Amino acid sequence: MPQYTGHCPTRHPGCQGRRRAYPSQPHPPTLPRLFRQHGSLLLDDDISFGIRTEKKVPGNNRSARGFNVVDDIKRALEKACPGIVSCADILALAAEISVELAGGPSWSVPLGRRDGTKTNIESANNLPSPFDSLEILQEKFRNMGLDDIDLVALEGAHTFGRAQCQFTQRNCTAGQDRGILVNLDVVTPDVFDNKYYDILLQGRAQLLSDQVMLSDPVAAATTAPIVRRFSGSQKDFFKNFAVSMIKMRNISPLTGRDGEIRKNCRRVNKKLY
């Protein structure tokens, strides 16, 4: 999209430099939560604007993290090119850069999205859950225009993901804080690769919603062959992951005069009247 042409470099060091500055920081709240296409997840509670944050819904509470990284990127970009780069685009760029820095694929991020001016609690409560059956996961993805290949590819982001131990199949150890983060890929937890599919094939997935891609009765004819494909070819996984990320970014974008370019990703710019 031409929005940034001549105004702001889309690979600005404000994004790349700040991701490198947080090597142990959880990845920005983008994977697998990029269903929040308009940056609504970034908004804090604001009674004066009638905004109730999505950060506190059960699926996001204490799981969606890295907001300070997004804040730093936004501040850097506002200094370089004020009012140009949306928070929605920052999330997309941060996701691509995070994957690439961890050894994964790169892709051309579609830019020019604008930020939403409200949250959607009902939609946030319907995000994929770590306890979903395969049929429910497939339905949620289909409702967004995504197919089984997209489902298996995007779940592959768990190769460098973390989750609260209370949501894992092995749960927490005795005395452990239920909110403590555990690696979803215990082999190469900080590398974006296809090793997570090997873990699924061994029946050792931390999340039930991942293992069902092999164990569910309908998996044999749908997702299981794709899991085996990606386990056998990292190149195939990388290619399809990039395609699926672009497809997800193209779901109902706000462009033109819709929405706004937030000055601060945590709050809208002005009253909605």
Side-chain angles (χ1 to χ4, degrees), residues 26-67 70 87-88 90-92 94-95 113-148 150-152 154-155 157-158 161-169 171-172 177-182 184 205-213 216 223 244-245 247-254 258-259 262 265-268 272:
H27 301 290
T30 53
L31 302 173
R33 305 184 186 278
L34 261 173
F35 285 108
R36 316 310 307 140
Q37 288 297 304
H38 311 135
S40 59
L41 175 59
L42 300 174
L43 289 170
D44 288 338
D45 283 323
D46 193 329
I47 298 175
S48 64
F49 288 85
I51 291 174
R52 178 185 167 198
T53 186
E54 296 176 10
K55 296 174 183 176
K56 297 177 183 177
V57 303
N60 290 331
N61 189 32
R62 299 182 69 182
S63 291
R65 307 182 183 208
F67 298 108
V70 177
C87 300
I90 288 174
L91 285 178
R113 273 59 179 168
R114 290 168 66 83
D115 297 318
T117 53
K118 58 185 178 181
T119 56
N120 188 331
I121 301 301
E122 181 180 357
S123 178
N125 277 319
N126 198 41
L127 290 170
S129 160
F131 309 112
D132 282 344
S133 67
L134 179 57
E135 292 91 337
I136 291 175
L137 286 172
Q138 289 172 316
E139 180 182 4
K140 289 180 177 180
F141 274 71
R142 279 196 303 268
N143 289 342
M144 303 300 290
L146 302 171
D147 59 24
D148 286 341
D150 300 313
L151 166 60
V152 178
L154 292 171
E155 292 284 8
H158 290 164
R162 278 76 166 152
Q164 296 178 50
C165 64
Q166 63 178 316
F167 298 136
T168 66
Q169 296 195 79
N171 217 303
C172 309
D177 183 345
R178 288 167 56 83
I180 197 74
L181 294 179
V182 296
L184 296 181
Q206 293 274 31
L207 300 180
L208 175 64
S209 57
D210 286 346
Q211 196 62 55
V212 294
M213 294 190 294
D216 193 280
T223 54
S244 296
M245 288 294 287
K247 284 178 65 175
M248 189 160 58
R249 272 297 289 169
N250 286 330
I251 298 171
S252 304
L254 293 178
D258 294 332
R262 287 186 216 140
C265 291
R266 293 176 182 262
R267 58 176 181 264
V268 297
L272 308 180

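These numbers were taken from a predicted model, which means no experiment stands behind them.
Contact of the Gln164 side chain with the Leu181 side chain is registered, since non-hydrogen atoms from C-beta on lie closer than 4.5 Å. Proximity of Leu137 to Ser209: side-chain heavy atoms (C-beta onward) are separated by under 4.5 Å at one or more points. Here the side chains of Asn125 and Pro58 are in contact, with some heavy-atom distance below 4.5 Å. Looking at Asp45 and Arg52, their side chains come closer than 4.5 Å, going by heavy atoms from C-beta outward. A 4.5 Å side-chain heavy-atom check between Leu146 and Leu151 finds every atom pair outside the cut-off.
Here the closest non-hydrogen pair linking Cys172 and Arg178 is SG-CA, 3.6 Å. Taking all atoms of both residues into account, the shortest heavy-atom contact from Val212 to Ser133 is CG2-C, 4.3 Å. Between Met245 and Ala95, the shortest heavy-atom distance links the atoms CE-CB, 4.1 Å. Taking both residues in full, the closest heavy atoms of Leu184 and Ala163 are given as CD2-CB, 3.7 Å, listed atom of the first, atom of the second, then distance. Annotation for Gly259 and Leu254: closest pair CA-CD1, 4.2 Å, computed over non-hydrogen atoms. Of all non-hydrogen atoms in Gly39 and Leu91, the two that sit nearest each other are CA-CD1, 4.0 Å.
Residues satisfying the salt bridge (Lys or Arg N to Asp or Glu O under 4.0 Å) test with Asp132, not counting sequence neighbours, are Lys140. Under the rule for a salt bridge (Lys or Arg N to Asp or Glu O under 4.0 Å), Asp258 has no partner lying at least two apart in sequence or in another chain.
If you check the side chains of Thr119 and Glu54, you find no donor sitting under 3.5 Å from an acceptor.
Side chain of Lys55 to backbone of Leu42: a donor-acceptor contact under 3.5 angstrom is found. Panel note: side chain Thr53, backbone Leu43; a donor-acceptor pair is recorded below 3.5 Å. Between the side chain of Asp210 and the backbone N or O of Ala205 there is no donor-acceptor pair closer than 3.5 Å. The backbone N or O of Ser123 sits nowhere less than 3.5 Å from a side-chain atom of Asn126 that would complete a donor-acceptor pair. Looking only at distances, no side-chain donor or acceptor of Gln138 sits under 3.5 Å from a matching main-chain atom of Thr223. Arg113 places no side-chain N or O within donor-acceptor distance of the main-chain N or O of Pro253, the cut-off being under 3.5 Å. For Arg262 (side chain) and Gly116 (main-chain N/O), a donor-acceptor pair under 3.5 Å exists by modelled atom type.
Distance CD1/Ile180 to OG1/Thr168: 12.0 Å, rounded to 0.5 Å. For the atom pair Glu155 CD and Leu207 CG, the distance stands at 8.0 Å (nearest 0.5 Å). Of the inter-residue distances, the one linking Met248 atom CE with Asp150 atom CG reads 9.0 Å to the nearest 0.5 angstrom. Expressed to the nearest 0.5 Å, how far NZ of Lys118 lies from CD1 of Ile51 amounts to 10.5 Å. Note that CZ of Phe141 and CG of Leu134 are 10.5 Å apart. Values are rounded to the nearest 0.5 Å. Note: Cys265 SG to Asp44 CG = 10.5 Å, rounded to the nearest 0.5 Å.
Heavy-atom contacts from other residues, nucleotides or ligands closer than 6.0 Å to CZ of Arg267 number 12 or fewer.
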